[in-house]
Amino acid sequence: MNQATISKDIQLNGVGLHTGVEVSLTLRPAPEDTGYVFVRTDLDNFEIPASVEYISHCSYATTLMRRGVVLSTCEHLLSALRGSGVDNCFIELDNIEIPIMDGSSEDFVDLLTAVGTLEQNAPRRFFRVLKTVEFEENGRRMSIEPSDKYEIDCVIDFSHPFINRQAYHFVFENGSFGEQIASARTFGFTHEIEMLRKANLALGGSLHNAIVLTPDGMLNESPLRFGDEFVRHKILDIIGDFALLGMPVLGKITAERSGHAVHAALMSKILKTEDAWEIVEAVR
Ligand SMILES: [Zn+2]
């Protein structure tokens, strides 16, 4: 089990969910031990590594910042890269925000599958959890504990007839991300969207890139992709945020009503707990 990169460049265009700006994105192969590195081609190729240390804020999406340069809404693309078994990749973009595509990771995964991965010479490294670490705040709870696989147990609870309580247990295996998680779309509520628009957010949001819920139904005319699409999208977000640890996890994440801020808090807590994790290399 060696590290992998993409076998050739991938180019795509889209619009940012929150900024509404057009962005051109190119994924390029990267050498061993690079991880994921964002490159702002509009700012002299300024690099922002996808790392917990650069998380700047995470209210409605995960935003990174290095020396004042911002990179917004990275989670769905990082989820697709991690979910497709890519360890190393340069992500070039000419604006501030990763394109939202259809609100899921499906387009990214389709493009990654089409070009395929290239096995590299260095063994794959894992972030292995040695001890349970928990974070809890205002009824939101998340923990990470030892496991010989990467697995996620997630529960969400929204008082809406389409959601209520949804639970899902996801195990990372060959192809499982593409089949179970990648196409689950982001969602929002009409009352929340008015508030976001007033704050100059969700400017690129539409029924083409989100499930928009009204108090008793949804605005989208096409059906949900899964009955439990909402909890599957939460898992998509968790995988994308935890990609900021820089390598795949060997551990079990349990999340109850979590969100980007809770993900970030748990990651920094485990990183600070030195005896709770180690980096291991795959046995060849
Ligand atoms: Zn999301």
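On a predicted model such as this, the values are computed, not experimentally measured, just so you know.
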Q: Run the numbers on Ser56 and Val70 for side-chain contact (heavy atoms from CB on, under 4.5 Å), then give the verdict.
A: CA-CA 8 Å; Ser56 121; Val70 169; 5.7 Å; no

Q: Using every non-hydrogen atom in the two residues, find where Val15 and Gly20 come nearest and quote the distance to one decimal.
A: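 For Val15 and Gly20, the tightest heavy-atom pair comes out as CG2-O, 3.2 Å.
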
Q: So, taking the atom named CD1 in Ile193 and the one named NZ in Lys198, what distance separates them when rounded to the nearest 0.5 Å?
A: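 Result: 13.0 Å between the selected atoms.
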
Q: If we ignore hydrogens and angles and just use 3.5 Å, is the side chain of Arg66 paired with the main-chain N or O of Phe46 as donor and acceptor?
A: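 It does not hold such a pair.
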
Q: For Ser176 and Phe170, run side-chain contact (heavy atoms from CB on, under 4.5 Å): C-alpha distance rounded to whole Å, both residues' side-chain angles, the deciding distance at 0.1 Å, then the answer.
A: CA-CA 8 Å; Ser176 62; Phe170 175 70; 3.3 Å; yes

Q: For the pair Ser206 (side chain) and His208 (backbone), establish whether a donor and an acceptor sit closer than 3.5 Å, ignoring hydrogens and angles.
A: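 It does hold such a pair.
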
Q: Are the side chain of Arg185 and the backbone N or O of Ala210 linked by a donor-acceptor pair below 3.5 Å?
A: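 The answer is no, because no donor-acceptor pair under 3.5 Å joins these two groups.
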
Q: Would you kindly say whether Glu97 and Thr73 are connected by a side-chain donor-acceptor distance under 3.5 Å?
A: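 The answer is yes; a qualifying pair exists.
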
Q: Do the two ring centres, one from Phe38 and one from Tyr36, sit under 6.0 Å apart?
A: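 Centroid separation for Phe38 and Tyr36: 6.0 Å or greater.
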
Q: Are Leu81 and Phe172 connected in the hydrophobic side-chain network, where two residues link if heavy atoms are under 4.5 Å apart?
A: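 Linked, Leu81 and Phe172 end up in one cluster.
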
Q: Does Asn88 reach the main-chain N or O of Thr34 with its side chain, forming a donor-acceptor pair under 3.5 Å?
A: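 Judged by distance alone, yes, a pair lies under 3.5 Å.
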
Q: Identify whether Met142 and Val52 are in the same connected component of the hydrophobic contact network (ILVMFWY, side-chain heavy atoms under 4.5 Å).
A: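 Both belong to a single hydrophobic cluster.
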
Q: Nearest 0.5 Å, please: how far is CG in Leu77 from CD1 in Ile98?
A: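 Atom-to-atom, Ile98:CD1 and Leu77:CG are 5.0 Å apart.
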
Q: Under 4.5 Å between any side-chain heavy atoms of Ser84 and Phe108, yes or no?
A: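 A side-chain contact is absent here, since even the closest heavy-atom pair is not under 4.5 Å.
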
Q: Taking C-beta and beyond as the side chain, do Leu236 and His76 meet within less than 4.5 Å on heavy atoms?
A: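 They are in contact (side-chain heavy atoms under 4.5 Å apart), so the answer is yes.
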
Q: Using a cut-off of 6.0 Å, state whether more than 12 heavy atoms not belonging to His169 lie near its atom NE2.
A: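 More than 12 heavy atoms, drawn from other residues, nucleotides or ligands, come within 6.0 Å of this atom.
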
Q: With respect to Phe187, which candidate in Tyr60, Phe162, Phe158 satisfies the ring pair (Phe, Tyr, Trp, His ring centres under 6.0 Å) definition?
A: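 Answer to the ring pair (Phe, Tyr, Trp, His ring centres under 6.0 Å) test with Phe187 among Tyr60, Phe162, Phe158: Phe158.
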
Q: Between Trp277 and Thr273, which heavy-atom pair has the shortest distance, and what is it?
A: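 Distance-wise, the nearest heavy atoms are CD1-O, 3.3 Å.
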
Q: Return the CD to CD distance between Gln120 and Glu32, rounded to the nearest 0.5 Å.
A: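 One gets 4.5 Å once the value is rounded to the nearest 0.5 Å.
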
Q: Can you tell me how far the NE2 atom of His57 sits from the CE atom of Met65, to the nearest 0.5 Å?
A: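 His57 NE2 to Met65 CE: 7.5 Å, rounded to 0.5 Å.
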
Q: Which pair of heavy atoms, one from Ser183 and one from Arg225, lies closest together, and at what distance?
A: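 Result for this residue pair: O-NH1, 2.9 Å.
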
Q: Please check if Phe226 and Val155 belong to a single hydrophobic cluster, counting links between Ile, Leu, Val, Met, Phe, Trp and Tyr side chain heavy atoms closer than 4.5 Å.
A: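 No, because Phe226 and Val155 fall into different hydrophobic clusters, even though each may have its own neighbours under 4.5 Å.
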
Q: Ignoring hydrogens, what is the shortest heavy-atom contact between Val133 and Ala276? Give both atom names and the distance.
A: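 Looking at all heavy atoms of both residues, the shortest contact is CG2-CB, 3.7 Å.
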
Q: Is there a side-chain contact between Leu118 and Pro29 in this structure, where contact means two heavy atoms from C-beta onward sitting under 4.5 Å apart?
A: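 Counting from C-beta outward, Leu118 and Pro29 never come under 4.5 Å.
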
Q: Would you confirm whether Asp148, through its side chain, and Leu250, through its main-chain N or O, come within 3.5 Å as a donor-acceptor pair?
A: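 Judged by distance alone, no pair lies under 3.5 Å.
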
Q: Let me know which of Leu213, Leu207, Ile211 forms a side-chain contact (heavy atoms from CB on, under 4.5 Å) with Leu219.
A: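 Testing each of Leu213, Leu207, Ile211 against Leu219, the sole residue satisfying side-chain contact (heavy atoms from CB on, under 4.5 Å) is Leu207.
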
Q: Would the distance check show the side chain of Thr41 and the main-chain N or O of Glu92 forming a donor-acceptor pair, the cut-off being under 3.5 Å?
A: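 Not a single qualifying donor-acceptor pair exists.
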
Q: Any pair with a residue in residues 235-254 that passes salt bridge (charged side-chain N to carboxylate O under 4.0 Å, His left out), sequence neighbours left out, goes on the list, sorted by first then second residue, please.
A: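 Listed by first then second residue: Asp153-Lys252.
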
Q: Within the distance-only criterion (no hydrogens, no angle test), does the side chain of Thr254 pair as donor or acceptor with the backbone N or O of Ser143 below 3.5 angstrom?
A: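 No.
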
Q: Please answer whether the main-chain N or O of Ile96 pairs with a side-chain N or O of Ser72 as donor and acceptor at a distance below 3.5 Å.
A: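 Side chain of Ser72 to backbone of Ile96, a donor-acceptor pair under 3.5 Å: no, none is there.
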
Q: To the nearest 0.5 Å, what is the distance between NZ on Lys272 and CD1 on Ile270?
A: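 Lys272 NZ to Ile270 CD1: 12.5 Å, rounded to 0.5 Å.
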
Q: Can Phe242 and Phe127 be said to form a side-chain contact (heavy atoms from CB on, under 4.5 Å), step by step?
A: CA-CA 10 Å; Phe242 277 75; Phe127 183 92; over 6 Å; no

Q: For a quick test of reading the model, state the closest non-hydrogen atom pair linking Tyr54 to Pro49 and the distance between them.
A: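 Closest approach of Tyr54 to Pro49: CD1-O, 3.4 Å.
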
Q: Evaluate Arg28 against Asp9 for salt bridge (Lys or Arg N to Asp or Glu O under 4.0 Å), listing each step before the verdict.
A: CA-CA 5 Å; Arg28 294 194 197 280; Asp9 291 359; 2.4 Å; yes

Q: Are Arg40 and Leu93 packed together at the side-chain level, in the sense that at least one heavy-atom pair is separated by less than 4.5 angstrom?
A: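 Of all side-chain heavy-atom pairs linking Leu93 with Arg40, at least one is under 4.5 Å.
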
Q: Over all heavy atoms of both residues, which pair between Cys58 and Ala264 is shortest? Give the atoms and the distance, please.
A: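 Shortest heavy-atom contact: SG-CB, 4.0 Å.
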
Q: List the steps, then state whether side-chain contact (heavy atoms from CB on, under 4.5 Å) holds for Tyr168 with Gln180.
A: CA-CA 10 Å; Tyr168 199 88; Gln180 300 167 33; 3.0 Å; yes

Q: Between Leu27 and Leu111, is there a side-chain heavy-atom distance shorter than 4.5 Å?
A: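 Sidechains of Leu27 and Leu111: no contact.
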
Q: Quick one: are Leu12 and Asp107 in side-chain contact, heavy atoms under 4.5 Å?
A: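 No, side chains not in contact.
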
Q: Please tell me if the side chains of Pro146 and Thr132 come closer than 4.5 Å, counting only heavy atoms from C-beta onward.
A: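 Pro146 vs Thr132: side chains touch.
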
Q: Whether the side chain of Asp94 engages the backbone of Asp42 through a donor-acceptor N/O pair (distance < 3.5 Å, no angle test) should be reported.
A: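 No; zero donor-acceptor contacts below 3.5 Å.
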
Q: Check whether Asn209 reaches the backbone of Leu17 with its side chain - one donor and one acceptor, N or O, closer than 3.5 Å.
A: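 Flag not set: sc Asn209 to bb Leu17 has no pair under 3.5 Å.
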
Q: Check the hydrophobic clustering (I, L, V, M, F, W, Y; side-chain heavy atoms under 4.5 Å; chains of links allowed) and say if Leu271 and Ile279 are grouped together.
A: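 Yes; tracing contacts between hydrophobic side chains, which count when under 4.5 Å, links both residues.
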
Q: Can you confirm whether the side chains of His263 and Ser258 place a donor and an acceptor under 3.5 Å from each other?
A: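 Ser258 and His263 do have a side-chain donor-acceptor pair below 3.5 Å.
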
Q: So with a 6.0 Å cut-off around CG of Asp275, is the heavy-atom count from everything else above 12?
A: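 Yes, the 6.0 Å shell around CG holds more than 12 heavy atoms from other groups.
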
Q: Quick one: do Glu119 and Asn2 satisfy side chain to side chain donor-acceptor pair (under 3.5 Å)? Show the steps, please.
A: CA-CA 6 Å; Glu119 193 182 334; Asn2 281 358; 3.3 Å; yes

Q: Does Arg125 come within less than 4.0 Å of Asp33, counting only side-chain N to carboxylate O?
A: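 The answer is yes: the pair qualifies as a salt bridge.
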
Q: Given side chains that start at C-beta, do those of Leu71 and Ile91 come closer than 4.5 Å, heavy atoms only?
A: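 Answer no - side chains too far apart.
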
Q: Using 0.5 Å steps for rounding, measure from the OG atom of Ser268 to the CG atom of Leu244.
A: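 The distance works out to 11.0 Å.
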
Q: According to a 4.5 Å side-chain heavy-atom criterion applied to Ile, Leu, Val, Met, Phe, Trp and Tyr, with indirect links allowed, do Val231 and Phe189 form part of one hydrophobic cluster?
A: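 Same cluster: Val231 reaches Phe189 through Ile, Leu, Val, Met, Phe, Trp or Tyr contacts under 4.5 Å.
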
